[in-house]
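Just so you know, these numbers come straight off a predicted model, no measurement behind them. Here is how names work: the chains are called A, B, and so on, in the same order as the sequence lines, proteins then strands, and each is numbered from 1.
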Amino acid sequence: MFGFEPNEEQKMLVDSVQRYALNDLRAAAHDADEAGELPPALVKKGWELGVLQASIPEAYGGFGDRSAVTGVLAAEELGYGDLTAGLAVMAPAAYAIPILVAGTEEQKKSLLPPVVEGDWKPYVSAFVEPNLDFSAADMRTTAVRKNGSYVLNGVKTLVPHAANAAGLLVYAALDGKTQAFVVPPKSAGLKIGDREAWCGLNALPTHKLTLEGVTVPADARLGGDAGHDPQPLIAATQVAAAALAIGLAKAAYEYSLAYAKDRTVFGVPIAQKQSLAFMLAEMATDIEAIRLLVWEAAWLLDEGKDAAHAAQMAILGASDTAMMVTDRAVQLLGGHGYIREHPVERWMRNGRGVPNFPGMAMV
Amino acid sequence: MFGFEPNEEQKMLVDSVQRYALNDLRAAAHDADEAGELPPALVKKGWELGVLQASIPEAYGGFGDRSAVTGVLAAEELGYGDLTAGLAVMAPAAYAIPILVAGTEEQKKSLLPPVVEGDWKPYVSAFVEPNLDFSAADMRTTAVRKNGSYVLNGVKTLVPHAANAAGLLVYAALDGKTQAFVVPPKSAGLKIGDREAWCGLNALPTHKLTLEGVTVPADARLGGDAGHDPQPLIAATQVAAAALAIGLAKAAYEYSLAYAKDRTVFGVPIAQKQSLAFMLAEMATDIEAIRLLVWEAAWLLDEGKDAAHAAQMAILGASDTAMMVTDRAVQLLGGHGYIREHPVERWMRNGRGVPNFPGMAMV
Amino acid sequence: MISFEIPDKVRNAVTLMTMVGENMMRPVARYFDDHEHEVPWDYINMMHDANKQMGGGGFVPSTDKPKKAEGEAPKKEGPRVAYQRLAYSAEALSWGDAALYLCSPVGLLGAAAVAATGTPEQKQRFLARFAGDKPVLDGMALTEPHAGSAMPADVRTTAVRDGDSGVLNGEKIFVTGAHKALIDTQGFLVIWATIDASAGRAGVRPFVVEAGTPGCTVTKLEHKLGIRASDTGSVVLQDCRIPFDNILGSPEVEKKTTEGFKGAMATFDASRPMVAASAMGIARATLETLKELLAQNGVTLRTGIPRSRMTNIEREVADMEIQLRSTWLLILKSVWMMDEKKPNNLEASMGKMRAGDVVVRITQKAVELLGPLGYSREHLIEKWFRDAKVNDLYEGTGQINRLIIARRILGYGRRELA
Amino acid sequence: MISFEIPDKVRNAVTLMTMVGENMMRPVARYFDDHEHEVPWDYINMMHDANKQMGGGGFVPSTDKPKKAEGEAPKKEGPRVAYQRLAYSAEALSWGDAALYLCSPVGLLGAAAVAATGTPEQKQRFLARFAGDKPVLDGMALTEPHAGSAMPADVRTTAVRDGDSGVLNGEKIFVTGAHKALIDTQGFLVIWATIDASAGRAGVRPFVVEAGTPGCTVTKLEHKLGIRASDTGSVVLQDCRIPFDNILGSPEVEKKTTEGFKGAMATFDASRPMVAASAMGIARATLETLKELLAQNGVTLRTGIPRSRMTNIEREVADMEIQLRSTWLLILKSVWMMDEKKPNNLEASMGKMRAGDVVVRITQKAVELLGPLGYSREHLIEKWFRDAKVNDLYEGTGQINRLIIARRILGYGRRELA
């Protein structure tokens with residue numbers, strides 16, 4: 001049975017996240033971008049919507065079961081509000097969901113409750129690496145077994161809140177296979193670089209993380225000695241980033257559509273020009289089509305089916321869509337699109353980074 | 001000194017080729033395409049314009065000096081008339097120009113006069129190979145030295161008039177370097193396949209050519225024992241195909257522009273719709289820009305400079321332009337574009353093949 | 001609920017149609033491309049038999065389709081998937097061969113119009129013939145010589161009421177399957193005509209004209225770039241007299257109001273996804289064959305690597321996969337909405353527009369990527385490229401569909417956006 | 001004659017500007033991006049000195065530029081290449097840094113307007129100041145708050161004649177370099193105003209407003225996505241009184257005819273290639289740096305292979321090279337036509353449109369291809385992406401230029417194509 005409509009529970013969640021996105025994230029995004037920081041109360045409020053908490057069973061401190069489909073519905077709304085803040089709110093998910101999915105019972109019991117009980121805390125993951133052909137399935141950071149421990153070496157980038165992380169999940173290649181390790185933030189050999197500066201994401205502090213012989217015990221590896229299949233984790237973070245990107249695209253599409261209807265030249269709304277109206281038609285269609293790719297990949301994850309290919313299609317398609325749509329949104333605003341008073345240039349800057357964001361959030 | 005205007009002599013040639021293109025080639029193209037053959041008188045008339053003859057010095061039976069720039073100006077007009085017939089008219093150039101450029105004095109003296117003196121005769125070249133990643137610089141057809149001769153093995157495709165060729169120039173890899181060899185059409189081991197059927201080019205008979213141990217004497221190699229630099233030949237045939245493609249694109253652009261001005265819906269010419277008018281603006285701009293790439297590559301050839309990169313840019317750019325413009329021309333005609341009464345579908349079919357046509361003509 | 005589970009009923013139809021495509025269509029696809037206007041009777045008869053064996057209702061969903069044998073217990077109604085099955089069937093048959101698919105005697109665009117807007121009596125009267133002894137084709141006639149593309153609002157063919165009759169006069173062009181519906185079989189066309197030329201678009205309505213009706217003649221067959229097994233004809237209506245209740249829809253549609261027009265236009269919400277699905281079939285066939293030819297020629301396609309590590313060919317194929325799947329999901333959503341009786345006008349146009357773009361892009365790229373193999377008639381790739389282009393032209397060009405989408409999302413009418 | 005030989009004069013200018021770009025602009029480009037609205041005095045003063053040393057005529061071609069020392073023999077006139085040199089200079093300086101280039105005290109868009117349409121007396125009066133003691137900037141003010149983009153025909157700022165004076169009233173927005181021209185230096189703006197609001201476009205003319213003119217104030221500086229070293233200001237004209245012969249052009253331009261308007265519009269045929277050339281400089285810088293970063297990171301780019309054998313990155317780079325070179329040649333042709341005094345309106349718009357497209361595409365793709373390196377502020381790639389986008393927006397958006405091109409090739413006016 002095909003179905004293209006969220007269920008009642010999902011609709012309620014989407015409604016509440018959307019309200020937060022529109023009332024809180026949108027209102028704060030410009031100043032946060034200029035100031036280079038998100039108001040902590042803003043992130044706290046997003047956290048209290050309970051998107052992650054509802055994905056973690058009661059046994060581990062949460063109050064629900066994980067659904068990647070529900071996750072992408074929520075993520076789209078966060079991206080619709082502000083992708084930067086969305087990544088901040090969802091950062092702990094990039095730490096907790098892998099533990100939930102791939103951790104041993106003991107790891108789940110010990111590691112999850114501190115994340116989901118209480119306020120938002122910077123539990124984050126270190127995933128992306130600073131090379132242009134970074135591949136999630138073929139990382140340069142390595143893990144080597146040594147005397148019953150694992151020794152990690154390598155460089156990570158785009159690690160949010162690394163300077164004050166409460167917990168760190170680090171991905172590394174163990175015998176060529178990507179595996180995740182829980183690394184205490186104060187580990188010896190772990191160097192936190194200066195805050196990074198990007199084209200976008202200005203309000204989110206990220207850092208380079210250098211691992212020089214960082215040693216963690218055997219039980220720091222997700223799944224213990226047996227380890228875990230990295231593919232479902234890679235897929236889950238790809239669809240999370242894809243959903244955020246679709247939300248961002250939708251925001252830019254809606255804003256530029258409203259602008260084009262409102263803005264008149266020679267007394268006629270510019271939306272009445274075929275060239276601009278057709279742009280909008282293509283933007284709307286792309287968003288609609290690629291959103292369904294994202295949903296399908298999430299659904300495959302929930303069904304326990306192989307989602308690797310679908311998730312890659314989703315992130316590639318959503319990245320392209322975010323980049324195309326935000327560029328056109330700027331274009332639709334003309335000179336006004338270039339001015340930071342309007343959000344479209346920020347959305348374009350944030351959107352350009354989407355291909356790099358998998359690893360920073362998870363559903 | 002930059003200059004973007006043909007000189008007087010070139011203008012006269014362009015005028016006469018354009019008249020032939022519009023009056024003769026255009027008029028014959030539809031029926032030739034449906035019938036699968038070009039009227040011999042049509043090709044003869046094109047030949048008598050003397051484009052090739054004017055490129056061959058008097059010492060070798062012609063009446064001028066080669067200019068690749070002049071060549072591309074003429075080729076554009078031929079493509080503007082009918083690309084298929086243009087390839088037929090120019091086929092002997094693909095045989096003669098390499099001999100002129102890379103041949104020994106003796107080769108030029110003996111091989112060129114029969115080509116350029118008298119009527120059009122099917123002197124042709126065998127260049128393209130039937131593999132999807134065919135590369136002019138890395139051919140699968142091989143030439144091996146043996147007892148003072150060369151032994152050729154391999155398969156060629158898109159060889160025009162192979163069944164009744166008066167002369168054949170075959171390209172093969174000798175120690176990994178592309179070299180051209182004059183091969184008598186009746187050579188032992190040379191098998192002419194059935195006539196090929198393509199998406200377009202219906203009026204031009206082409207064949208597969210299989211070489212099984214075809215043996216030619218040492219002096220059959222262009223340039224004799226020393227051989228020749230293949231790059232200027234590859235570049236010269238790339239710009240020839242590119243110029244034909246630009247002509248084809250111009251034809252499709254002009255036809256669809258005129259149609260769009262003429263065709264009314266609700267009493268308004270469809271060209272007054274921004275979506276269609278902007279398509280035309282982009283088509284015109286692409287043609288103009290890529291034409292200059294073709295000119296520059298030809299100019300570099302005439303200056304004796306390295307034209308390899310410029311020529312590749314020219315053929316890639318011109319192929320893309322031909323494909324984009326002809327597709328849009330069909331689109332501009334709507335349902336009528338799909339009907340063989342209008343030439344645009346034929347231009348689209350011919351245009352789709354452009355990336356495969358280098359080797360079939362030369363300037 | 002969000003789910004991407006293909007229903008069993010649909011899956012079974014796909015299996016069957018794929019067998020037909022593989023065994024009955026692919027082997028003769030080149031022949032009928034080479035022999036334009038030759039009628040593929042073997043295929044038509046086979047499909048007719050198959051349709052009868054499956055109950056004879058044709059492919060077109062209709063809750064009012066001819067009843068099963070008397071006394072048989074009515075089946076317990078599951079979720080409605082009829083339009084989903086239809087889209088999957090159109091896709092699978094077009095994967096076999098899009099031109100032959102258009103010769104299927106199972107109810108195509110004309111039948112879709114009847115199913116979407118006809119009264120129960122009309123559905124019975126016109127759709128029953130698909131279960132008759134002989135195969136029957138149908139079609140839809142909209143475009144006229146003066147108009148650029150399918151523009152319902154610009155119809156000049158007139159329908160004048162004369163007692164219980166309607167008298168049609170006008171000319172239609174680019175009628176897919178006109179000859180097969182009216183001459184080769186005892187089928188019918190749905191012909192758009194105006195009941196009041198002074199009323200503009202508000203007067204335009206669909207009428208059913210059956211084969212053999214005096215005054216209705218097929219005057220010309222087009223020679224086309226592609227889909228050559230399917231004829232494209234011109235139809236002249238000269239004092240063509242039909243029962244006036246061949247006007248599709250409830251009596252209200254006779255009122256010369258924009259509402260009546262809009263009701264009649266609902267036919268496109270059903271037909272566009274069918275055309276889009278057919279386009280997807282060509283695109284999928286092309287992508288699969290491209291991959292096969294690449295593999296045969298030693299080109300390996302790796303998966304699970306980022307774009308930065310891909311070859312150009314890998315990247316093109318990855319892009320094709322994204323386009324194909326996302327567009328198919330969009331079309332699926334639009335037919336799911338039909339089945340769920342949700343308004344799907346926007347989604348139907350989005351699917352049609354994107355399908356036209358995508359099938360053209362995929363087939364053109366495939367020709368290009370395969371070099372001489374793509375351009376040669378030894379393979380079907382070049383044929384599919386030629387077949388594909390019609391999907392961006394007929395049943396509304398890409399531009400017309402953009403116009404429809406843009407008006408919808410902007411809340412504009414013809415006055416604001418023309 | 002067809003030739004692609006770069007003239008010596010032009011080559012020398014490129015060498016010089018490239019040195020400036022490399023040594024004076026690249027090292028501070030990031031700083032001035034981070035410090036929006038800080039005036040780059042070092043660059044401005046250096047360029048002013050360099051300009052004076054080269055004769056002080058500024059970059060803008062003018063046959064009437066200030067004479068050399070008396071008695072000096074007039075140079076033998078070679079072929080005219082002044083606009084070609086100008087385009088190459090704009091390209092090379094924008095290769096250095098497009099934002100700083102816009103701060104060059106050598107005559108930019110305002111000076112181009114004076115050079116293109118001013119009388120000899122006006123050229124002398126307004127262009128001489130670029131050779132003065134202190135650096136001077138200029139600009140052009142066209143867009144107004146009510147209009148979407150630069151639309152000369154939609155100007156509402158008024159110019160009323162009062163004896164020998166003109167009195168300007170209105171507001172201009174998005175004036176590139178307004179603050180530097182009017183506040184930071186003793187420069188000028190060319191301001192478009194209507195001499196007869198009832199005459200529509202026929203009444204619109206360019207006026208020179210000099211720094212220090214009472215009633216002309218810079219009211220706002222925009223915070224922008226890119227080109228942050230260049231200020232973008234709003235200018236309010238309140239009973240701003242200027243000599244009426246600051247109206248650019250021969251006396252005929254005062255006639256309220258479409259001809260007069262068209263004459264004034266010729267300024268765009270000179271200014272569009274400058275903007276396009278600047279865009280090309282950003283694009284070339286990006287492409288070169290992309291290649292360097294790829295090489296540094298172990299990605300080899302092979303040449304001379306067909307597309308079917310390329311990696312995705314190789315194909316993207318090859319496409320960039322085609323776009324960059326073909327667009328540059330188109331721009332060169334348009335300035336060659338200026339030098340040859342041939343009408344270049346179509347080519348100027350084509351070059352501007354395509355340059356906007358190409359620089360946006362190349363910079364966006366470069367950010368993408370380089371992954372985290374492209375997105376990071378450690379390199380200039382992300383800055384160039386931000387700088388680039390303005391080229392598709394200012395001095396006529398891509399859409400406006402398409403409109404101009406389409407009207408030209410179709411022979412349409414505003415009535416037929418709006």
Side-chain angles (χ1 to χ4, degrees), chain B residues 1-7 10 69-70 72-73 131-138 231 234 253 257 260-261 268-269 271-274 276-286 288-300 302-303 308-310 312-314 316-317 319-321 355, chain D residues 1-8 10 78-79 81 84 303-309 315 318-319 321-337 339-340 342 346-347 349-351 353-354 357-358 398-399 401-412 415-418:
Chain B
M1 272 299 298
F2 288 110
F4 295 90
E5 208 170 45
N7 62 31
Q10 288 166 334
V69 168
T70 305
V72 297
L73 294 174
N131 48 300
L132 63 91
D133 62 347
F134 168 70
S135 171
D138 179 23
Q231 260 311 336
I234 293 171
Y253 157 68
L257 181 142
K261 284 187 76 168
V268 177
Q272 297 192 13
K273 300 292 175 192
Q274 266 199 358
L276 302 180
F278 284 20
M279 271 193 205
L280 287 162
E282 290 166 0
M283 291 154 77
T285 305
D286 249 38
E288 182 73 24
I290 302 294
R291 177 188 288 123
L292 296 176
L293 271 189
V294 179
W295 286 10
E296 184 175 41
W299 176 81
L300 287 167
D302 286 342
E303 296 287 307
H309 187 60
Q312 197 192 20
M313 289 202 291
L316 289 176
S319 300
D320 289 348
T321 298
Chain D
M1 204 191 58
I2 292 172
S3 169
F4 294 84
E5 188 80 52
I6 186 169
D8 287 341
V10 175
V81 298
Q84 296 166 49
T303 56
I305 53 170
R307 254 187 205 153
S308 51
R309 297 185 182 193
R315 194 253 159 89
D319 281 357
E321 285 173 341
I322 292 169
Q323 289 164 20
L324 187 69
R325 187 65 190 169
S326 63
T327 306
W328 181 239
L329 292 178
L330 185 51
I331 296 164
L332 270 190
K333 181 176 173 183
S334 75
V335 289
W336 169 82
M337 293 173 90
D339 283 327
E340 295 282 316
K342 295 176 193 285
L346 176 62
E347 288 76 8
S349 289
M350 283 179 162
M353 182 265 272
R354 199 170 159 92
D357 282 356
V358 163
Q399 285 65 45
N401 278 295
R402 278 169 177 77
L403 200 58
I404 294 168
I405 297 165
R407 284 181 188 157
R408 273 253 153 201
I409 59 178
L410 287 160
Y412 282 167
R415 192 188 305 266
E416 291 85 14
L417 189 64

Which distance, rounded to the nearest 0.5 Å, do you find between the CG of B/L293 and the CG of D/L329? 6.0 Å

Walk me through whether B/E288 and D/R354 qualify under salt bridge (Lys or Arg N to Asp or Glu O under 4.0 Å). CA-CA 11 Å; B/E288 182 73 24; D/R354 199 170 159 92; over 6 Å; no

Between B/A281 and D/A406, which heavy-atom pair has the shortest distance, and what is it? CB-N, 4.0 Å

Starting at CD of B/E282, measure out to CE of D/M353 and round the result to the nearest 0.5 Å. 5.5 Å

Part of D/I322 within contact of chain B (heavy atom distance under 4.5 Å): both

If you look at every heavy atom in D/G304 and B/A137, which pair is closest and at what distance? O-CB, 4.3 Å

Winner by heavy-atom pair count (cut-off under 4.5 Å) against chain B, out of D/I6, D/D8, D/L346: D/I6

Does any backbone or side-chain atom of D/L332 lie under 4.5 Å from a heavy atom of chain B? Answer side chain, backbone, both or neither. both

Once rounded to the nearest 0.5 Å, what's the spacing between atom OG1 of B/T285 and atom CD1 of D/I409? 7.0 Å

Based on non-hydrogen pairs under 4.5 Å, which of B/D302, B/V268, B/L280, B/D138 is most in contact with chain D? B/D138

Contacting moiety of B/A308, where chain D heavy atoms sit under 4.5 Å: neither

Write down the atom of D/Q399, the atom of B/F278, and the distance for their closest heavy-atom approach. O-CZ, 3.6 Å

Nearest atoms (heavy-atom pairs only) where B/K261 meets D/Y412: CG-OH, 3.8 Å

Given that the side chain runs from C-beta out, which part of D/E321 has a heavy atom under 4.5 Å from chain B: side chain, backbone, both or neither? both

Only pairs of heavy atoms separated by less than 4.5 Å count here; which of B/L132, B/V69, B/L257 has the most with chain D? B/L257

Provide the closest heavy-atom pair for D/I2 versus B/P6 in the form atom of the first, atom of the second, distance. CG1-N, 3.8 Å

For B/M1, is there any backbone N or O sitting under 3.5 Å from a side-chain donor or acceptor partner on D/S3? yes

Would you check if the distance from the ring center of D/W336 to the ring center of B/F2 is below 6.0 Å? no

Atom pair NZ/CG of D/K333 and B/L292 - distance to nearest 0.5 Å: 6.0 Å

Taking every non-hydrogen pair under 4.5 Å, which of B/E296, B/Q312, B/E303, B/M313 racks up the most with chain D? B/E296

Go through B/D320, B/I234, B/V294, B/N7 and name the one with the most non-hydrogen pairs under 4.5 angstrom from chain D. B/D320

For B/E5, what residues pass the side chain to side chain donor-acceptor pair (under 3.5 Å) criterion, not counting sequence neighbours? D/K342

Using 0.5 Å steps for rounding, measure from the CG atom of B/D286 to the OG1 atom of D/T327. 8.5 Å

Backbone N/O of B/D133 and side chain of D/R309: donor-acceptor pair under 3.5 Å: yes

For chain D, the option from B/L316, B/L73, B/I290 that forms the most heavy-atom pairs under 4.5 Å: B/L316

Say you draw a straight line from CZ of D/R325 to NE2 of B/H309; how long is it, rounded to the nearest 0.5 Å? 10.0 Å

Going by heavy atoms in the side chains, are D/E5 and B/W299 under 4.5 Å from each other? yes

Is the backbone N or O of D/L417 less than 3.5 Å from a side-chain atom of B/Q274, with the two atoms forming a donor-acceptor pair by type? no

